[in-house]
Amino acid sequence: MTSFDEVIIGSGTAGCRLALEMAKKGHKVLILERGDEVEVSKAHLYYDIVSTTGVELWRVIGVGGSALVSLGNADTPLIEEIKALGIDISHEAEEIKRELKPSAVSSSFLGERAKLLIEAAKELKLSCQTVYKFVKLDTCRQCGRCAGGCPIDNKWTPLHDLQKAKGHGAKLISNFRLSSITRHGEGLSVKGLVNGVEKRFSADKVIVSAGALETPRILKKAGLTHSGKKLFADVFITVGGPFHGKRFRDEIPMTFCIKLNQEIALFPHISSFLIPYLASKGVIVAKDELVGVMVKIADDSYGKVGKHIEKSLTTSDLEKLERGKKVAMDILAAVGVKEREVVVTHPRGVHLGGSAAIGDVVNREMETEISGLYVCDGSVLPKAPGAPPIMTILALAKKLAKKLCEV
């Protein structure tokens with residue numbers, strides 16, 4: 001049995017950052033990943049879509065995880081809510097910002113669609129806020145393919161952390177199928193299959209960073225049966241239609257934000273799903289004719305992860321989506337999209353979390369009731385952020401790594 005200081009289960013945003021921070025301190029670190037190694041430009045091939053009663057849950061299974069297909073937005077939501085639970089990550093968030101240097105989207109970078117929507121929003125007395133992205137804007141091709149995996153690797157992803165972590169001695173094993181986590185002396189033992197061969201690893205500490213759908217399943221294998229509740233997804237829809245007589249060039253999505261309140265936000269966004277919805281109404285258009293608005297809500301933590309995954313929309317969720325949709329339709333009308341040609345996509349969720357929340361499954365140290373077993377990923381977040389949480393998760397990982405390296 002090979003021994004390590006820490007074994008990390010999952011190679012996403014938190015897993016790779018944990019490995020980097022601890023390997024830099026000289027710790028012997030192993031990352032175990034269920035999926036394959038992934039080329040960033042082909043990340044769209046590794047999407048896993050989970051259909052539930054009310055929402056499609058989208059994630060990527062592979063080395064690097066779902067952040068490979070993020071849109072690069074560098075928000076830091078829930079900092080104060082997490083602080084109220086006894087974890088102050090404000091300093092770590094600033095450290096991450098200084099390291100990754102997210103850039104504000106300037107007016108010169110905005111595409112034609114975004115500019116049209118901003119002008120329409122101003123007419124409606126709506127305030128548009130600049131967003132920050134951990135994308136190299138000066139070399140961005142504006143191809144709009146962020147959600148498929150950047151074809152030129154022009155945005156930060158966990159693979160950048162992983163490469164650095166390996167340089168400090170961290171090890172990665174992909175295609176790992178976990179069987180169990182058990183006590184081994186003063187530490188823990190992780191057992192599973194690697195390409196069909198049983199392997200065992202021992203560690204002083206084990207950190208589960210497998211994402212909100214897999215983390216509670218792993219915890220249940222360790223005996224923590226109360227995990228898997230309060231799942232949220234940051235549910236969104238795209239409201240859009242054709243702008244006749246104009247062919248738009250590709251542009252990067254989510255370049256500005258209109259916040260209706262803390263739970264409803266609008267962003268410029270084009271979805272290919274709009275095309276079949278329009279076709280069902282007899283409107284045949286190409287993607288480059290579309291104008292669209294994403295309506296993103298901080299949904300209620302009303303899902304469950306067990307043998308089956310349950311996630312439905314509450315009455316409050318539906319009301320929030322409806323309010324956002326109405327504002328999006330007003331914006332599109334001001335742009336010049338005909339009301340009868342506006343369609344709305346089905347609800348999807350991509351910021352999955354809450355299923356091992358701080359205060360419910362882990363304490364303020366992100367440790368479970370099993371000594372030495374920690375959780376660090378979106379599943380520990382106390383509520384839906386209503387905005388991309390990657391920077392917040394990175395700060396949580398940095399905080400936990402500091403603690404573990406002090407022990």
Side-chain angles (χ1 to χ4, degrees), residues 13 47-60 66-67 69-71 73 75-82 84-85 147 211-216 227-239 253-254 257-267 269 271 273 292-306 308-329 344-361 377-393 396:
T13 298
Y47 267 117
D48 178 65
I49 302 170
V50 179
S51 296
T52 69
T53 304
V55 186
E56 279 187 357
L57 307 179
W58 287 54
R59 60 177 175 170
V60 166
S66 298
V69 295
S70 80
L71 302 185
N73 285 37
D75 304 79
T76 53
L78 302 181
I79 298 291
E80 292 304 315
E81 290 85 347
I82 292 170
L85 294 170
L213 301 188
E214 294 307 317
T215 285
S227 60
K229 303 173 183 178
K230 299 185 179 181
L231 175 69
F232 62 73
D234 255 12
V235 175
F236 75 94
I237 55 176
T238 303
V239 185
M254 292 183 76
C257 174
I258 300 170
K259 286 195 174 182
L260 302 186
N261 56 36
Q262 290 301 308
E263 295 188 311
I264 310 171
L266 310 183
F267 301 87
H269 184 251
S271 169
F273 289 116
V293 176
M294 175 191 289
V295 177
K296 178 176 285 295
I297 66 166
D299 57 305
D300 293 335
S301 301
Y302 197 68
K304 295 180 181 179
V305 180
H308 301 288
I309 295 168
E310 303 173 24
K311 183 72 179 89
S312 57
L313 296 173
T314 65
T315 299
S316 174
D317 293 335
L318 293 170
E319 289 173 350
K320 286 181 275 191
L321 286 172
E322 184 63 24
R323 179 181 172 188
K325 184 183 82 172
K326 287 179 178 178
V327 176
M329 291 183 71
V344 182
T345 66
H346 55 283
R348 288 177 282 163
V350 291
H351 306 149
L352 314 180
S355 54
I358 300 164
D360 291 332
V361 178
D377 58 20
S379 65
V380 305
L381 298 177
K383 59 180 287 189
I390 287 177
M391 293 286 279
T392 301
I393 293 171
L396 281 166

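Between the OG1 atom in T76 and the CE atom in M391 there is a gap of 7.0 Å [rounded to 0.5 Å]. From I309, atom CD1 reaches atom CD of E214 across 7.0 Å, with rounding to the nearest 0.5 Å. Distance check, rounded to the nearest 0.5 Å: CD of E263 to NZ of K383 gives 6.0 Å. If you take CZ on F273 and NE2 on H346, they are separated by 4.5 Å, rounding to the nearest 0.5 Å. Taken to the nearest 0.5 Å, the OG1 atom of T315 stands 6.5 Å off from the CG atom of L318. Here H269 contributes atom NE2 and T238 contributes atom OG1; the two are 4.5 Å apart, rounded to the nearest 0.5 Å.
L78 is not listed as a side-chain neighbour of P389, based on a closest heavy-atom distance of 4.5 Å or more. Side chains of S271 and R348 form a contact here, defined as non-hydrogen atoms less than 4.5 Å apart. T392 places a side-chain heavy atom less than 4.5 Å from the side chain of I82. Put simply, the side chain of Y302 reaches to within 4.5 Å of the side chain of S312, judged on heavy atoms. Between L231 and L57 there is a side-chain heavy-atom pair separated by less than 4.5 Å. L313 has its side chain within reach of L321: a pair of non-hydrogen atoms, C-beta onward, lies under 4.5 Å apart.
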Verify side chain to side chain contact (heavy atoms under 4.5 Å, CB included) between L381 and F232, making sure each step is shown before the conclusion. CA-CA 10 Å; L381 298 177; F232 62 73; 3.9 Å; yes
Start with the C-alpha distance between V69 and Y47, add both sets of side-chain angles, then the distance that settles side chain to side chain contact (heavy atoms under 4.5 Å, CB included), and finish with yes or no. CA-CA 9 Å; V69 295; Y47 267 117; 3.3 Å; yes
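The number of heavy atoms from other shown groups lying within 6.0 Å of NZ (K320) is above 12. When the shell of 6.0 Å around CD of E322 is examined, it contains more than 12 heavy atoms from other residues, nucleotides or ligands.
Salt bridge K229/D360: absent, no basic N to carboxylate O contact under 4.0 Å.
Here the closest non-hydrogen pair linking A298 and A384 is CB-O, 3.6 Å. Looking at every heavy atom in both residues, I237 comes nearest to P347 through CG2-CA, 3.9 Å. Between P382 and S301, the shortest heavy-atom contact is O-OG, 4.5 Å. Between T314 and D300, the shortest heavy-atom distance links the atoms OG1-OD2, 2.6 Å. Among all heavy-atom pairs drawn from S355 and V361, the shortest one is O-CG2, 4.3 Å. The nearest pair of heavy atoms linking M254 to L71 is SD-CD1, 3.1 Å.
Side-chain atoms of D377 come within 3.5 Å of backbone N or O of S379 as a donor-acceptor pair. In this structure, the side chain of D234 engages the main chain of G386 through a donor-acceptor pair within 3.5 Å. Not one N or O on the side chain of S66 forms a donor-acceptor pair closer than 3.5 Å with the backbone of R59.
Test T53, L213, D299 against K311 for side chain to side chain contact (heavy atoms under 4.5 Å, CB included) and you get one pass: D299.
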